[in-house]
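So the structure is just underneath, and the comments pick up after that.
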Amino acid sequence: MGAYFDLMGFADGGWGVDMLRATAVTLAVALAGFGLGSLFGMLSAAASLSQIPSLRHLADGYTTVLRGVPDLLVIYLFYFGGSAVITQLGHLFGAQGFVSAPVFLTGAMAIGVVSGAYQAEVFRGAVLALSRGEIEAAKAYGMGAFLRFRRIILPQAARFAIPGLGNVWQLVLKESALISVVGLVELMRQAQIGAGSTRKPFTFFLTAGVLYLVISLVSGAAFRAAEARAMRGIRRAS
Amino acid sequence: MNLFDIPFLVDNFLALCRGIPLTLQLTVLSVSSGAVLAMLLAGLRLSGNRVLDGLARGYIFVFRGTPLLVQLYIIYYGLSQFPELRRSFAWPFLREPYWCASLALCLNTAAYSAEIIRGGVIAVPLGQIEAAKAYGMGRLTLLRRIIAPQALRLMLPAYSNELILVVKSTALASTITMMEVTGIAAKLISASYRPVEIFICAGAIYLLLNFSITRLLRFFEHRLSRDQRPHVVATGEQA
């Protein structure tokens with residue numbers, strides 16, 4: 001046990017600082033991806049609830065494909081696709097050879113696109129859970145579409161969306177580990193580096209696992225608190 | 001980049017199809033062994049014994065709360081840290097990426113499936129179980145005749161989601177050198193630098209696999225819910 005704390009400690013030769021810094025990168029990329037995903041999810045939910053059939057089909061296609069294809073494949077698409085574009089651009093300016101895409105951005109984009117497909121379903125469900133009467137009343141008051149969205153739909157749908165978003169966040173957190181395959185030094189990649197240089201893979205991957213569990217526990221509690229707060233004015237039969 | 005380079009698409013699609021058997025093998029192996037473990041875990045969760053329940057809860061919490069990649073790496077890379085294990089009978093298996101991937105997927109899906117099974121079992125109406133007990137059914141008969149058939153039907157929709165997740169998760173096996181569909185896709189992409197086309201081909205394969213699985217399970221669910229559908233009464237009249 002003492003040997004473990006020497007290895008993962010914060011003293012000289014300990015990996016504690018590196019592991020914590022990598023945990024921060026994991027959190028950053030997961031948050032960035034989750035934020036982008038909220039944007040894609042809202043756009044897709046708006047499209048799937050719109051009156052225009054082609055928009056609805058587009059949103060349907062997006063959520064079906066991105067939820068049915070492995071995340072790893074999407075990460076490869078963004079990494080190699082981004083690199084191909086950047087390499088082409090580089091050649092225009094006289095650069096030679098392969099230029100790799102920025103990995104943080106690649107990772108955040110890939111997570112954003114995938115989690116957007118899941119969040120779209122969450123938002124769609126939340127909007128559908130609103131009572132029609134309130135929207136009709138808002139229309140009868142002469143509210144425009146934007147005002148109606150801001151005053152009536154958004155505050156209530158956000159409340160219904162919290163539990164679903166909590167699930168998607170847990171998914172995003174675990175998915176962020178996959179970004180390690182393109183070389184972003186987040187928690188998983190840092191554990192690989194540590195495992196490689198100390199020949200203690202079990203120790204490092206187990207530590208990474210524990211750190212993921214801690215993040216998931218803390219954020220789970222945060223989502224439950226947010227849900228309790230958002231629901232404090234709602235009467236529910238239970 | 002020309003998306004309508006049909007010969008290129010066909011060539012790559014066929015190359016990717018060679019990964020399907022491995023993807024399916026990993027899926028079937030981990031789903032079947034995972035189902036057995038999941039039933040065991042669900043049994044512990046429902047046992048009413050607080051220690052056993054706590055054990056199963058802990059297992060499910062750990063395997064659902066950590067990324068599958070961590071679990072896979074602990075099994076494939078991590079276990080080699082123990083010399084005792086390297087000398088044991090299990091080493092010929094734990095050395096192979098195939099068995100490591102199957103084991104990780106099995107342990108992972110068991111945690112998710114256990115909760116699905118538990119959900120199905122507790123959704124069986126209590127009155128039916130009481131009635132069966134009143135008839136003097138033993139525990140095994142009760143399970144076989146009353147609980148299992150209904151729980152199976154109730155859990156199928158959620159279970160089909162879990163199967164899709166497993167199919168998608170088999171892609172992680174490519175990170176430990178397995179050449180299933182995603183592994184081949186990564187190789188083809190780094191050889192040709194045409195990620196979009198290869199993504200389309202590989203994506204189509206996964207969508208096809210997932211579509212077939214959901215259809216199969218929906219058919220199964222339809223068969224199992226025969227008693228739930230309204231009876232078609234033969235009236236003797238010709239339409």
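Chain naming here is simple, since letters A, B, ... match the order of the sequence lines and numbering starts at 1 in each. What you see is a predicted model, and the numbers here were worked out from it, not measured in a lab.
Once rounded to the nearest 0.5 Å, the distance linking CG of A:L73 with OG1 of B:T182 reads 5.0 Å. Atom CD of A:Q192 sits about 4.5 Å away from atom OH of B:Y73, to the nearest 0.5 Å. Put simply, CG on A:D71 and CG on B:L69 are 11.5 Å apart, with the number rounded to the nearest 0.5 Å.
With a 4.5 Å cut-off on non-hydrogen atoms, B:S169 does not touch chain A at all. Heavy atoms of A:A177 lying under 4.5 Å from chain B belong to its backbone as well as its side chain. Contact annotation for B:A185: only side-chain heavy atoms (C-beta onward) come within less than 4.5 Å of a heavy atom of chain A. With a threshold of 4.5 angstrom between heavy atoms, B:V62 approaches chain A through its backbone and through its side chain. At a 4.5 Å heavy-atom cutoff, the contact between B:L172 and chain A is made by backbone and side-chain atoms alike. Residue A:S176 does not touch chain B at all, counting heavy-atom pairs closer than 4.5 Å. If you measure heavy-atom distances from B:F211 to chain A, you find no contacts under 4.5 Å at all. Proximity to chain A (any heavy atom under 4.5 Å) is restricted, for B:S174, to the side chain, taken from C-beta onward. With a 4.5 Å cut-off on non-hydrogen atoms, A:V65 touches chain B through its backbone and its side chain both.
Residues B:T66 and A:K174 are not in side-chain contact: their nearest non-hydrogen atoms beyond the backbone lie 4.5 Å or more apart. The shortest side-chain heavy-atom distance between B:K168 and A:V69 does not fall under the 4.5 Å cut-off. In this structure the side chain of A:F80 never reaches within 4.5 angstrom of the side chain of B:R194, judged on heavy atoms. Between B:F199 and A:V74 there is a side-chain heavy-atom pair separated by less than 4.5 Å. Contact check for B:Y193 versus A:T87: no side-chain heavy atoms found under the 4.5 Å cut-off. Looking only at side-chain heavy atoms (C-beta outward), B:T175 and A:L178 stay at 4.5 Å or farther from each other.
When each of B:I189, B:L68, B:V181, B:I164 is checked for heavy-atom pairs under 4.5 Å with chain A, B:I189 comes out on top. Counting heavy-atom pairs under 4.5 Å between each of A:Y76, A:F204, A:F78, A:Y79 and chain B puts A:Y76 at the top.
Among residues 16-45 of chain A, no residue has any heavy atom closer than 4.5 Å to a heavy atom of chain B.
The shortest non-hydrogen separation linking B:G65 to A:S216 is O-CB, 4.1 Å. Contact between A:R199 and B:Q81 at its shortest, heavy atoms only, is O-CG, 4.3 Å.
A tilted orientation is assigned to the rings of B:Y77 and A:F205, their planes being inclined by 30° to 60°.
Atom NE2 of B:H222 is surrounded by 12 or fewer heavy atoms from other residues, nucleotides or ligands within 6.0 Å. B:Y98 OH: more than 12 foreign heavy atoms inside a 6.0 Å radius.
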